[in-house]
Novice: 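This is the structure I want to talk about, given as structure tokens.
The residues of the chain are indexed from 1 along the displayed sequence.
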Amino acid sequence: MDLALLSAIMQRLHPSHYLPLTTSWHGLKLGFVDPTLWRVPEDVVEKVDSFLQQMDLALFAASETIAERGGRVVRSIPLPTWDQIEISMPDIDYMEELFTYQMKLTWPSFLALWEGTPQTVEDLIEWNKAHADLEFTPRDNNQRGLERMRDSKMTEEQYDRNAKALQGAARGAVHRMLDNYDVDVILGPCDSRFDSVATAAGYPLGNLPLGYADFNGRGFSLHMIAPAGEEAKMFQVMSAWEATFPENVRPPRALIKSGNMLP
């Protein structure tokens, strides 16, 4: 409920705009992607087979419970993968190149907020090099993002063309699934590029806790995409989820064991 209240306030709506919230699945329609088609590349995240199995089983078990409790569940809806959506851009290969262009435009105004600091990306890179003992770690010099920003040659026309193409592909993919399979929201694993679909489309993204990994204790969840203006439906799903799976939304076990919980 807190998130629903906060979101309404941030949108300059009445705090009760998204209330009342439900604890029932009746009337809610959810589409689940096939998680095996949304794996993170092994060069990005180390593959742990036992965790992937745990995550998949948790997803399938949740979908079964929702269906048993009256929700409409459609499994394995064929939402195009992120790779299939990302290739819609005519000039560049990766969405992150768009971010680099955005950062290059906004970075000067950010640096201007701080007196006595480098005021250009170039100066900041050189300052970091001159103060390597303060800025760098033995593992990584952490400057690749700044260097990509400095070296970006993208023009405004290229940015607009590629951003529009990517947004159109992402929105089209989402709406085809919603319309063709008669669902309100689409759910997929958080350990994937599923969230990038929402980012590219400019659509809201929700988080639904699934549990904690057996191999290292970290939390994992499902992400939920809905079209623009459908935040109310997402809050209904999140409220029903919390009522159905209360153990999934409790604080991390390591935090509980450490005795650092706030009263």
Side-chain angles (χ1 to χ4, degrees), residues 31-48 51-52 55 77-111 120-122 124-126 128-129 135-137 139-178 185-207 218 220-228:
F32 288 78
V33 301
D34 180 349
T36 64
L37 302 178
W38 288 84
R39 300 300 194 209
V40 178
E42 292 184 37
D43 61 341
V44 176
V45 176
E46 180 182 359
K47 182 180 180 182
V48 180
F51 171 64
L52 294 177
M55 184 170 58
I77 64 170
L79 178 70
T81 65
W82 176 243
D83 287 343
Q84 293 170 328
I85 292 173
E86 199 170 34
I87 62 173
S88 64
M89 295 186 292
D91 307 313
I92 60 177
D93 296 323
Y94 304 108
M95 178 173 66
E96 287 72 17
E97 296 178 62
L98 299 176
F99 298 161
T100 299
Y101 173 82
Q102 293 173 326
M103 290 176 63
K104 190 169 186 176
L105 290 183
T106 59
W107 201 257
S109 59
F110 171 73
L111 292 176
T120 68
V121 174
E122 292 80 5
L124 180 59
I125 291 172
E126 294 305 315
N128 289 338
K129 289 179 180 179
E135 297 301 315
F136 297 158
T137 67
R139 178 180 176 183
D140 197 348
N141 68 16
N142 200 30
Q143 291 231 99
R144 289 191 297 273
L146 294 175
E147 291 165 351
R148 284 194 296 268
M149 191 193 319
R150 176 197 62 194
D151 299 336
S152 174
K153 305 299 182 184
M154 185 177 293
T155 66
E156 182 179 1
E157 180 183 1
Q158 288 174 323
Y159 173 84
D160 290 341
R161 179 169 60 248
N162 287 275
K164 182 177 180 180
L166 182 64
Q167 184 181 71
R171 289 185 173 184
V174 169
H175 283 280
R176 284 195 301 274
M177 297 302 102
L178 297 176
V185 296
I186 306 171
L187 280 66
C190 68
D191 284 57
S192 70
R193 294 300 300 267
F194 186 79
D195 60 328
S196 294
V197 179
T199 299
Y203 286 167
L205 184 75
N207 189 66
R218 75 170 177 86
F220 64 96
S221 63
L222 289 176
H223 280 156
M224 168 176 55
I225 299 174

Novice: Could you measure the distance from the CG atom of Asp151 to the OG1 atom of Thr100? Nearest 0.5 Å is fine.
Specialist: 10.0 Å
Novice: Below 4.5 Å, heavy atoms only, C-beta onward: do Leu146 and Met103 meet side chain to side chain?
Specialist: no
Novice: Is it true that a side-chain atom of Ser152 and a backbone atom of Met149 form a donor plus acceptor pair closer than 3.5 Å?
Specialist: no
Novice: Below 4.5 Å, heavy atoms only, C-beta onward: do Glu96 and Glu86 meet side chain to side chain?
Specialist: yes
Novice: Salt bridge between Glu147 and Lys129, side-chain N to carboxylate O under 4.0 Å?
Specialist: no
Novice: As an exercise, state the distance from OG1 of Thr120 to CG of Leu111, rounded to the nearest 0.5 Å.
Specialist: 7.5 Å
Novice: NZ/Lys164 to OG/Ser88 distance, rounded to the nearest 0.5 angstrom?
Specialist: 13.0 Å
Novice: Are Val121 and Lys104 side-chain neighbours, meaning at least one heavy-atom pair lies under 4.5 Å?
Specialist: no
Novice: Donor-acceptor pair, Glu122 side chain versus Arg150 backbone, under 3.5 Å?
Specialist: no
Novice: Can Leu124 and Asn128 be said to form a side chain to side chain contact (heavy atoms under 4.5 Å, CB included), step by step?
Specialist: CA-CA 6 Å; Leu124 180 59; Asn128 289 338; 4.1 Å; yes
Novice: Do Met224 and Pro204 make a side-chain contact, defined as non-hydrogen atoms from C-beta onward lying under 4.5 Å apart?
Specialist: no
Novice: On the ring face of Phe99, is Arg148 found with NZ or CZ under 6.0 Å from the centre and within 45° of the axis?
Specialist: no
Novice: Return the CG to NE2 distance between Asp191 and His223, rounded to the nearest 0.5 Å.
Specialist: 8.5 Å
Novice: OG1 of Thr199 to CG of Leu166: how many Å apart, nearest 0.5 Å?
Specialist: 9.5 Å
Novice: Do Ile77 and Val33 come close enough that some side-chain heavy atom pair is under 4.5 Å?
Specialist: yes
Novice: So how far is it from Phe194 CZ to Ile225 CD1, rounded to the nearest 0.5 Å?
Specialist: 3.5 Å
Novice: Hey, what's the ring geometry for Phe220 with Phe51, parallel, tilted or perpendicular (30° and 60° as the breaks)?
Specialist: perpendicular
Novice: Run the side-chain hydrogen bond (donor to acceptor under 3.5 Å, both in side chains) test on Asp34 and Thr36 for me, step by step, so that the C-alpha distance in whole Å, both residues' side-chain angles and the decisive distance to 0.1 Å come before the verdict.
Specialist: CA-CA 6 Å; Asp34 180 349; Thr36 64; 2.7 Å; yes
Novice: Within the side chain of Asn162, is there an N or O that forms a donor-acceptor pair under 3.5 Å with the backbone of Asp91?
Specialist: yes
Novice: Taking all non-hydrogen atoms of both residues, which atom of His175 and which atom of Pro227 are closest, and how far apart?
Specialist: CE1-CB, 3.7 Å
Novice: Apply side-chain hydrogen bond (donor to acceptor under 3.5 Å, both in side chains) to residues Glu156 and Tyr101 and explain how you reach the verdict.
Specialist: CA-CA 9 Å; Glu156 182 179 1; Tyr101 173 82; 4.9 Å; no
Novice: Exactly one of Glu97, Arg161, Gln158 should register a side-chain contact (heavy atoms from CB on, under 4.5 Å) with Ile92. Which one does?
Specialist: Glu97
Novice: Is there side-chain contact between Pro189 and Met55, with at least one heavy-atom pair below 4.5 Å?
Specialist: yes
Novice: Under a 4.5 Å cut-off applied to non-hydrogen side-chain atoms, are Tyr159 and Leu105 in contact?
Specialist: no
